[in-house]
Amino acid sequence: MNYLSTRDTSVSLTSSQAIAKGISSDGGLFVPDSIPAVSLEEIAALADESYIGRAKNILGRFLTDFTDEELDSCVKGAYETGFSSEKVAPVVNVKGNMNVLELFKGPTCAFKDIALQILPRLLTVAGGKAAKGTEIVILVATSGDTGKAALEGFKDVENTKILVFYPSDGVSPMQKLQMCTQEGKNVAVSAISGNFDDAQSGVKKIFTDPAIIAKLKENGMAFSSANSINWGRLAPQIVYYFSAYCDLVKEGRINCGDKINVVVPTGNFGNILAAYYAKEMGLPVKKLICASNSNSVLTEFLTTGTYDRNRKFYTTISPSMDILISSNLERLLYSLAGSEKVKEWMKLLASEGKYTVDGETLAKIKELFAAGCCDDDKTKATIAKIFNENGYLCDTHTGVAVAVYEDYVASTGDDIPTVIASTASPFKFSKAVLEAVEGKASDLNEFDMVTKLAEITGNECPSQLANLRNKQIRFTGCCEKSGMDRVVFDMLGIK
């Protein structure tokens, strides 16, 4: 299987080359040249496998230039240790047909761990095949969770350096502490004055700047990405949707072949895009339900066909979704409309900040997706309701997803078994979750709030978060968007 650019199908790379490169030189994203099919019989067989077995099976269909031994080493290295659940991504029934896929059992308590524990291993193998003798420089823009998960995954990996940019006022205190206390000799972190979209567009600009690329090449270096623009980040996320379905079959909640709905809180569209690819491969999914916070650009697009980032930006209690430019949407548009239309729409997005897809493409989108959004007040109310009525404590992003799910069921009556992607531990957003459960504002400090949240809910704070209290802060810098390239050069020791 080869990988094409969403903006130029004459660009064709192996999976190793696509992972090592991260993003195409034309600004497009790499996509597989075909979608592998998985039969119901194969899904039934996967139900008897461990998460490791499921991951090897699904990833092996995409990473066709990895040997069995290489893939086995990558998968086992990622998932045999480091997760607090043997299932890696367990499914919890909250009530009725509502099931929560807990994606936060990894070392940084966020769903990004599932991809970012394996990506460094995939990249090490890919670099050996596609970029031998080159030091890989990982550039990351984060809205909160990707940064820490990438730093943890890549710390002290040989022949690799990693630099993370995050919006100075756009992450939770716990997320900021996780990043700024990061250990490792090859890591660096910098805030930027701006929001996530500023960080992401700045990183993309650096990735595709010929002068910067040439400078790195002179020094035996090359860029790659740990954001979900990198196929090696996205492909492992497909696995956990298959795994969730298999667990529901194994538990007798569905029969193999029954359709489910999938609800995903998302801002950059990567997590729900992985569910889309799983559906295209043959996973029996009826509807993909996209949940947004007050930054509802995706909800508007999926219901009207117009993508317009020219709107007020909201800083919310679900900061990982505070995004107005959803990079991975480009991959969906490529699948539905082809590269020529993608190039046209992406050019309009860059020049005017908006585009409208044609009627045929919108009809396909509406067949696949439903969408909804909610504000902070409704998110908090939903967190309180689910905890008080069902004893389940969820974070602010999962709260958005539950609210949108309940609205969807109320408006459609479509109450089939459903998987809701839960993206982070509630203790990463202790202030908002505590205020939701208590029903009042809190003026405690971060760690006192963590302690109180644990006490009143009976949930235990993960040790990797509790232990941040006494960790030394290593990174305090902040730059303007225009100065990001200088920060990169300083981190790399390039004049």
Side-chain angles (χ1 to χ4, degrees), residues 82 104 106-110 112-113 115-117 119-120 123 135-196 198-200 202-203 206 216 219 221 223-227 319-320 424-425 427-431 445-450 461-481 483-495:
F104 52 83
T108 76
C109 305
K112 311 292 177 75
D113 287 325
L116 285 165
Q117 283 299 296
L119 179 60
L123 193 58
E135 185 173 33
I136 302 295
V137 178
I138 307 294
L139 275 192
V140 178
T142 185
S143 54
D145 288 330
T146 292
K148 173 60 180 178
L151 289 162
E152 192 65 26
F154 281 96
K155 73 174 181 184
D156 295 328
V157 172
E158 283 189 29
N159 298 316
T160 304
K161 286 187 168 67
I162 176 167
L163 173 57
V164 170
F165 290 100
Y166 70 92
S168 57
D169 297 316
V171 299
S172 78
M174 190 67 81
Q175 288 174 313
K176 184 175 179 178
L177 267 175
Q178 282 188 296
M179 289 185 283
C180 293
T181 59
Q182 178 65 46
E183 299 169 349
K185 291 179 286 189
N186 63 334
V187 307
V189 177
S190 176
I192 76 156
S193 298
N195 58 37
F196 170 75
D198 295 321
Q200 180 169 248
V203 163
I206 292 170
L216 260 68
N219 289 270
M221 300 175 182
F223 284 130
S224 189
S225 173
N227 284 96
S320 296
S425 164
F427 289 94
K428 293 191 79 167
F429 309 94
S430 54
K431 179 177 173 61
N445 69 43
E446 183 72 11
F447 288 100
D448 286 345
M449 283 190 287
V450 165
C461 178
S463 60
Q464 57 266 52
L465 298 180
N467 292 343
L468 288 172
R469 183 191 292 263
N470 299 315
K471 287 198 75 172
Q472 179 183 354
I473 293 176
R474 293 184 63 199
F475 303 105
T476 58
C478 183
C479 69
E480 299 296 323
K481 180 181 173 182
M484 290 171 66
D485 54 351
R486 189 64 260 165
V487 174
V488 172
F489 287 146
D490 287 346
M491 181 253 187
L492 299 176
I494 294 176
K495 300 297 183 185

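Computed from a predicted model, the values in this text were never measured in an experiment. The residues of the chain are indexed from 1 along the displayed sequence. Side chains are part of it too, since the values below use all heavy atoms of this structure and drop only hydrogens, waters and symmetry mates.
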Sequence neighbours excluded, every pair satisfying salt bridge (charged side-chain N to carboxylate O under 4.0 Å, His left out) that has a member inside residues 150-165: Glu135-Lys161, Lys148-Glu152, Glu152-Lys155
Distance-minimising heavy-atom pair for Cys479 and Ser190: SG-OG, 3.9 Å
Residue Asp169 excluded, over 12 heavy atoms near CG under 6.0 Å: no
Test item: Gln182 and Val164 side chains (from C-beta on) under 4.5 Å apart, heavy atoms: no
Side-chain touch Val187/Phe475, heavy atoms, less than 4.5 angstrom: yes
Donor-acceptor contact below 3.5 Å, side chain Asn467 vs main chain Gln464: no
Side chains of Leu119 and Ile138 in contact at under 4.5 Å (non-hydrogen atoms): no
Residue pair Leu151 / Ile162, side-chain heavy-atom distance below 4.5 Å: yes
Any side-chain heavy-atom pair of Leu123 and Ser224 under 4.5 Å: yes
Cys109 SG to Leu465 CG distance, which is reported to the nearest 0.5 Å: 4.0 Å
Whether Arg474 side chain and Gly184 backbone form a donor-acceptor pair below 3.5 Å: yes
Residue pair Gln178 / Leu468, side-chain heavy-atom distance below 4.5 Å: yes
Heavy-atom check, side chain of Val140 versus side chain of Val203, under 4.5 Å: no
Expected output: side-chain Thr146 to main-chain Thr142 donor-acceptor under 3.5 Å: no
Working for side-chain contact (heavy atoms from CB on, under 4.5 Å), residues Asn219 and Leu492: CA-CA 9 Å; Asn219 289 270; Leu492 299 176; over 6 Å; no
Option passing salt bridge (Lys or Arg N to Asp or Glu O under 4.0 Å) with Asp145 (candidates Lys176, Lys112, Lys428): Lys428
Contact summary for Met491 and Asn186, nearest pair of heavy atoms: CE-O, 3.6 Å
Between CG on residue Asp113 and OG1 on residue Thr108, distance to nearest 0.5 Å: 3.0 Å
Met221 and Ile494: CA distance, side-chain angles, deciding distance, side-chain contact (heavy atoms from CB on, under 4.5 Å) verdict: CA-CA 11 Å; Met221 300 175 182; Ile494 294 176; 4.0 Å; yes
More than 12 heavy atoms of other groups within 6.0 Å of Ile473 CD1: no
Pairwise distance CE(Met484) to CD1(Ile192) - rounded to 0.5 angstrom: 5.5 Å
Least distance between heavy atoms, Val450 atom then Met174 atom: CG2-CE, 3.6 Å
Atom of Ser320, atom of Gly144 and distance for their closest heavy-atom approach: OG-CA, 4.4 Å
Pairwise distance CE(Met179) to OH(Tyr166) - rounded to 0.5 angstrom: 6.0 Å
From Phe223 atom CZ to Ile136 atom CD1, the distance as rounded to the nearest 0.5 Å: 11.0 Å
Taking every non-hydrogen atom, the tightest pair across Ser143 and Phe196: N-CD1, 3.4 Å
Full working for side chain to side chain donor-acceptor pair (under 3.5 Å) between Ser430 and Glu446: CA-CA 7 Å; Ser430 54; Glu446 183 72 11; 3.1 Å; yes
Residue pair Phe447 / Arg469: nearest heavy atoms and the distance that separates them: CB-NH2, 3.1 Å
Beyond-backbone contact of Pro319 with Gln175, side-chain heavy atoms, under 4.5 angstrom: yes
Gap separating the CZ atom of Phe154 from the CD atom of Gln117, nearest 0.5 angstrom: 10.0 Å
